[in-house]
Amino acid sequence: MFTVHKTDGSARLGQIQLAHGVVQTPIFMPVGTVGSVKTLVPQDLHDIKAEIILGNTYHLYLRPGLDVIREFGGLHDFIQWNKPILTDSGGYQIFSLAGQRKIDEKGAHFQSHIDGRKLTLTPELAVEIQETLGSDIHMVLDECTPHPVTYEGAKASMERSMRWALRCREAKTRPELAQFGIVQGSMFEDLRLQSIHALTDIGFEGYAIGGLSVGEPKPDMRRVTAFACAHLPQDKPRYLMGVGTPLDLVESIYAGVDMFDCVMPTRNGRNGTLFTSKGRVNIKNQRHKLEHGPLDEECACYTCKTFSLAYLRHLFMAQEFTALRLLTLHNLTYYLRLIHDIRAAIAEGRMSQLVDHHRQLWDS
RNA sequence: GGGGGUGUAGUUAAGUUGGUUAUAACGCCGGCCUGUCACGCCGGAGGCCGCGGGUUCAAGUCCCGUCGCUCCCG
């Protein structure tokens with residue numbers, strides 16, 4: 001199912017065979033929480049060569065609900081996306097909606113942010129929902145441990161997530177769909193190692209590194225990522241959840257990560273921050289008001305090939321919906337192009353130069 | 001011509017029986033965003049309180065004059 005073709009240092013070039021096709025790795029997965037990558041349609045995603053997108057268990061279960069998904073035979077047919085889908089289990093919502101949920105051994109008890117009704121997300125229900133959605137890869141239910149946390153707190157949280165991981169594995173019924181375990185343990189390497197052992201003892205089709213990019217210092221994130229990669233199995237894909245910036249991607253791939261998802265390109269695009277070959281651009285800045293040239297001269301996306309930066313800025317300032325779409329299109333193109341460049345660098349054995357280049361570009 | 005209303009930030013407005021540094025929204029300028037409660041969040045700049053005079057320890061606030069806008073009646 002997962003094959004590595006070539007390595008450069010710890011970086012790996014490979015591919016994953018999934019129910020709806022093959023994805024090349026390293027890969028970046030655009031986030032489409034409620035069944036759409038905000039502002040885009042599937043045709044756009046095909047055009048920018050997205051290979052796999054994300055959906056979210058918690059959000060899709062609340063709305064539209066499993067009755068609708070069953071009626072349409074799964075998420076793929078419902079949203080008209082015929083390539084692979086990965087769904088997150090709702091573990092991040094345990095973290096991000098902490099104010100309106102309680103957690104115990106059984107699962108996470110939420111009060112819906114939509115209509116206030118109560119629901120309990122258990123490991124078993126998370127798997128049932130995701131198998132109904134028919135996601136090519138589904139994630140075990142975990143608790144994304146907040147930061148900072150005491151050692152004892154991190155240990156208790158991780159150990160419960162590991163018990164939940166086993167329950168998820170036991171609840172799995174569809175062999176054609178992949179299930180990934182999630183490593184927790186906060187910033188503590190011995191806990192991370194215990195978590196890796198617990199998960200590999202169970203055995204999953206892939207392993208994710210969770211509980212990072214939750215406010216910890218960047219060196220901690222780098223250290224824990226490298227540590228986890230060094231101890232995870234060589235023959236399974238490694239997925240760094242929720243990360244990250246362009247530099248995070250480059251650095252993490254160099255440390256051995258194969259898969260990423262992040263709202264950054266889509267959300268920042270909608271909020272006016274763009275990623276370009278020359279660094280970040282804040283489209284609101286007045287200095288772009290009269291710019292005839294494109295947002296990024298080196299970008300081949302529709303937005304950059306067609307429009308001046310001045311016009312894009314005008315659309316954004318005027319709060320035109322079109323601006324959000326054009327900027328999302330650009331940022332995702334940038335991310336997928338970056339992934340393409342990284343793959344080429346691994347193939348040609350020049351990852352370390354690429355890492356240096358991006359450190360220079362983004363650290364300033 | 002007579003009577004009423006109203007002039008406060010770029011705009012629309014708030015401003016207590018006169019009492020610290022005149023407030024808000026929008027706009028403008030800048031920053032932030034990492035398994036999406038997110039077209040969001042945070043910060044900053046910006047004022048001859050129409051103008052002139054008076055009362056008072058103290059006036060955006062009270063009085064007089066004046067100018068502009070506006071409504072009603074002739």
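For H59(A) and H113(A), the distance between ring centers is under 6.0 angstrom. Residues F95(A) and H147(A) place their aromatic rings such that the two centres sit no closer than 6.0 Å. Taking the six-membered ring wherever Trp is involved, the centroid distance between the rings of Y151(A) and F188(A) falls below 6.0 Å.
A side-chain donor from one of H109(A) and T120(A) sits under 3.5 Å from a side-chain acceptor of the other. A donor-acceptor pair shorter than 3.5 Å can be found between the side chains of E131(A) and T173(A).
Remark: T39(A) is not in phosphate contact with rC39(B), judged by side-chain N or O atoms under 4.0 Å from OP1 or OP2. Checking the phosphate oxygens (OP1, OP2) of rA38(B), no side-chain nitrogen or oxygen of Q93(A) falls inside 4.0 Å. Between R313(A) and the phosphate of rC29(B), there is a side-chain N or O to OP1/OP2 separation shorter than 4.0 Å. At the phosphate of rG40(B), neither OP1 nor OP2 sits under 4.0 Å from any side-chain N or O atom of R267(A). Taking only side-chain nitrogens and oxygens, Q100(A) never comes nearer than 4.0 Å to OP1 or OP2 of rC37(B). Checking the phosphate oxygens (OP1, OP2) of rU34(B), no side-chain nitrogen or oxygen of S213(A) falls inside 4.0 Å.
Within the 4.5 Å cutoff, side-chain heavy atoms of V243(A) are placed close to those of L240(A). Q353(A) has its side chain out of reach of H357(A): every pair of non-hydrogen atoms, C-beta onward, lies at least 4.5 Å apart.
For residues 193-214 of chain A, the set of pairs meeting the side chain to side chain donor-acceptor pair (under 3.5 Å) definition, not counting sequence neighbours, comprises R169(A)-E205(A). Listed by first and then second residue, the salt bridge (charged side-chain N to carboxylate O under 4.0 Å, His left out) pairs involving residues 10-29 of chain A are R12(A)-D258(A) (not counting sequence neighbours). Sorted by first and then second residue, the salt bridge (charged side-chain N to carboxylate O under 4.0 Å, His left out) pairs with a member in residues 28-41 of chain A form an empty list; sequence neighbours excluded.
rG68(B) is paired with rU6(B) under the criterion used here, namely a Watson-Crick or G-U wobble arrangement in which both key atom distances are under 3.5 Å. rG43(B) is paired with rC29(B) under the criterion used here, namely a Watson-Crick or G-U wobble arrangement in which both key atom distances are under 3.5 Å. Applying the Watson-Crick and G-U wobble criteria (two distances, each under 3.5 Å), rC62(B) pairs with rG54(B). Shown here, rA24(B) forms a base pair with rU12(B); the pair counts as Watson-Crick or G-U wobble because both key distances fall under 3.5 Å.
Contacts between residues 270-295 of chain A and RNA chain B, defined by a heavy-atom separation below 4.0 Å, involve R270(A), N271(A), T273(A), R280(A), N282(A), K284(A), N285(A), Q286(A), listed by number. Sorted by residue number, the members of residues 169-198 of chain A with any non-hydrogen atom under 4.0 Å from RNA chain B read I182(A), Q184(A). Contacts of residues 103-141 of chain A with RNA chain B (heavy atom under 4.0 Å): H113(A). The stretch residues 218-242 of chain A comes close to RNA chain B through K218(A), M241(A), G242(A), each having a heavy atom under 4.0 Å from the strand. Using a 4.0 Å cutoff on non-hydrogen atoms, no part of residues 153-168 of chain A comes near RNA chain B.
Residue E216(A) contributes atom CD, which lies 9 Å from atom C1' of rU34(B) at whole-angstrom precision. Atom CZ of F95(A) and atom P of rA38(B) are 15 Å apart (whole Å). Atom-to-atom, CZ of R101(A) to C1' of rC37(B) comes out at 15 Å; the value is rounded to the nearest Å. The distance from atom CG of L327(A) to atom C1' of rG40(B) is 15 Å, rounded to the nearest whole Å. The interatomic distance linking Y61(A) (OH) with rC37(B) (P) rounds to 18 Å, in whole Å. For the pair M264(A) CE and rG35(B) C1', the interatomic distance rounds to 13 Å; values are reported in whole Å. Taking atom CG on N56(A) and atom P on rA38(B), their separation rounds to 11 Å, with Å as the unit. Spacing between atom NE2 of H147(A) and atom C1' of rU34(B) amounts to 14 Å, rounded to whole angstrom units.
Mapping V263(A) and F316(A) onto RNA chain B via the closest heavy atom, the residue that lands nearer the 5' end is V263(A).
Within the 4.0 angstrom heavy-atom criterion, no nucleotide atom of any strand lies near F260(A). Heavy atoms of D261(A) sit under 4.0 angstrom from primed sugar atoms or phosphate atoms, though from no base atom. Across all strands shown, M317(A) has heavy atoms under 4.0 Å from sugar-phosphate atoms exclusively, and none from any base.
Remark: side-chain polar atoms of N331(A) are not paired, donor with acceptor, to backbone N or O of T266(A) under 3.5 angstrom. Without hydrogens or angle criteria, T303(A) side chain to L326(A) main chain gives a donor-acceptor distance under 3.5 Å.
Between rC37(B), rU36(B), rU34(B), one nucleotide has an atom nearer to the side chain of S96(A) than all others, and that is rC37(B). Among the nucleotides rG35(B), rC39(B), rU36(B), the one closest to any side-chain atom of T266(A) is rU36(B). Set against rU34(B), rU36(B), rC39(B), the side chain of D248(A) has rU34(B) as its closest nucleotide.
Using cut-offs of 30° and 60° on the angle between ring planes, the pair H76(A) and H20(A) is parallel.
For R267(A), there are no side chain to side chain donor-acceptor pair (under 3.5 Å) partners two or more places apart in sequence or in a different chain. For E170(A), there are no salt bridge (Lys or Arg N to Asp or Glu O under 4.0 Å) partners two or more places apart in sequence or in a different chain. Residues forming a ring pair (Phe, Tyr, Trp, His ring centres under 6.0 Å) with F260(A) (at least two apart in sequence, or on another chain): none. For E159(A), the salt bridge (Lys or Arg N to Asp or Glu O under 4.0 Å) partners two or more places apart in sequence, or in a different chain, are K155(A).
Under the 4.5 Å side-chain heavy-atom criterion for grouping Ile, Leu, Val, Met, Phe, Trp and Tyr, V257(A) is connected to M1(A) within one hydrophobic cluster.
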